[in-house]
Number of protein chains: 2
Amino acid sequence: MPRATAATEKKVTDLLKRQTLSVTESRKRILQLFLEQPGALSHGDIEKRAGGMFDRVTIYRTLQTFVDRGLIHTIPSADNAIRYALCKDECGDGHHRHEHIHFVCTECEQTFCLDEVVTPVIRLPKGYSTDQIEILVQGKCKQCTVAERR
Amino acid sequence: MPRATAATEKKVTDLLKRQTLSVTESRKRILQLFLEQPGALSHGDIEKRAGGMFDRVTIYRTLQTFVDRGLIHTIPSADNAIRYALCKDECGDGHHRHEHIHFVCTECEQTFCLDEVVTPVIRLPKGYSTDQIEILVQGKCKQCTVAERR
DNA sequence: AGATTTTTGCAACTATGTTGCTATTTCGGT
DNA sequence: ACCGAAATAGCAACATAGTTGCAAAAATCT
């Protein structure tokens, strides 16, 4: 877990300022963790990777703040461990607009956003209305498929 | 929460025997809870509805057993509360085959299986393979929509 | 730099989920 | 209907996850 370079330091600071959030150590560090790697992170993942640098409560609150401001979004799961991933720029204060699906790899156990796969329209029976659609695909990811062929 | 009639008593007993599970009070009661109402139930829901009749651990283990035997299936959620719903007959020992989507109502907060809505095929990028697809739609359900019009 | 506002860390608490062990219940055979 | 073997339930203890109130510390504004 590399320390922040000047460049990433500036990047996370900018992201926070853009959301009019005060720039604090924990926010910078947690945001950096998301930028450092492609997958989604659970609260527990962050706690481990931050290495006891912050209080658990701070991490909970920071994640909640990021979700509220549209910096990250939640990904449901079947194992009682909500994961969080960075949002693209379209998400703003309290509004999340996600058209992509989420992929859970059974090999590396990572969860990714597949931005290039758009959620299809789901036709519901009469009387039902749709607010939001979440698509969770489980399988083997690209990296793990390649790794296995070797 | 009505006590089991002779008819439902027989029904749950038959369901359990069909899976070669021993017929115990807790299994009968928990299965009955699922049959009594249309929505999905979380562990907590069952604990409440069973009214302290069984130990928490028993409920956890019973749910796990039911999932293993294909009597019920899990539904992921974004609020760290896995829900369980009855399976149709196609699910057997260790194999779950679900083609339906799940609907979460924002009004009544219930989760249902929409058996009539089939999960679409999702085309993934090269290198990814699919084991399972879970579709979670959030919105307002039929009952709540009707209730509001009155 | 100082006042104000926001955020953090701590403590305490609730809820959720797991494991090992023993007592009880269920089931198959008679 | 009863008995022994096997499965299940309950208990205790523990582990993990998430919440709230409050005082100390840090960030922001001017």
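Letters A, B, ... mirror the listed sequences (proteins, then strands); counts begin at 1.
Counting to the nearest Å, the P atom of C:dG28 and the CG atom of B:Leu21 are 12 Å from each other. C:dT7 atom C1' lies 13 Å from atom CD of A:Glu25, rounded to whole Å. Spacing between atom CD1 of B:Ile82 and atom P of D:dA17 amounts to 13 Å, rounded to whole angstrom units. Atoms CD (A:Glu47) and P (D:dA15) sit 15 Å apart, rounded to a whole Å. One atom, CD of A:Gln64, and another, C1' of D:dT20, lie 14 Å apart when rounded to the nearest Å. C:dT22 atom P lies 17 Å from atom CG of B:Asp55, rounded to whole Å. Separating the CD1 atom of A:Ile30 from the C1' atom of C:dT8 is a distance of 11 Å, rounded to the nearest angstrom. Computed from coordinates, the A:Ile59 CD1 to C:dT8 C1' distance equals 12 Å when rounded to whole Å.
The existence of a salt bridge linking B:Asp14 and B:Lys10 is confirmed by a sub-4.0 Å separation between a basic side-chain nitrogen and an acidic carboxylate oxygen. Ion pair A:Arg29/A:Glu36 flagged as a salt bridge, since at least one NZ, NE, NH1 or NH2 atom sits closer than 4.0 Å to an Asp/Glu carboxylate oxygen.
The shortest non-hydrogen separation linking B:Ala40 to B:Asp45 is O-OD2, 4.2 Å.
Place B:Lys17 and A:Thr24 on DNA chain C by their nearest nucleotides, and A:Thr24 ends up nearer the 5' end.
Within 4.0 Å of A:Arg27, counting heavy atoms only, lie sugar-phosphate atoms of the nucleic acid but no base atom.
Comparing atom distances between the B:Arg61 side chain and each of D:dG10, C:dT16, C:dG9 picks out D:dG10 as nearest. Side chain of B:Ser22, nearest nucleotide from C:dT7, D:dA7, C:dG9: D:dA7. The side chain of B:Ser26 lies closest to D:dA9, out of C:dT7, D:dA9, D:dA12. The side chain of B:Val57 has D:dC11 as its nearest neighbour among D:dA9, D:dA7, D:dC11. Side chain of B:Val23, nearest nucleotide from C:dT8, D:dT28, C:dC27: C:dC27. Minimum atom distance to the side chain of A:Arg56 is reached by D:dT19, of the listed D:dT19, C:dT18, D:dA27.
Residues forming a side-chain contact (heavy atoms from CB on, under 4.5 Å) with A:Glu116 (at least two apart in sequence, or on another chain): A:Leu114, B:Pro125.
Under the salt bridge (Lys or Arg N to Asp or Glu O under 4.0 Å) criterion, the residue pairs touching residues 52-79 of chain B are B:Arg69-B:Asp93, B:Asp79-B:Arg83, with sequence neighbours excluded.
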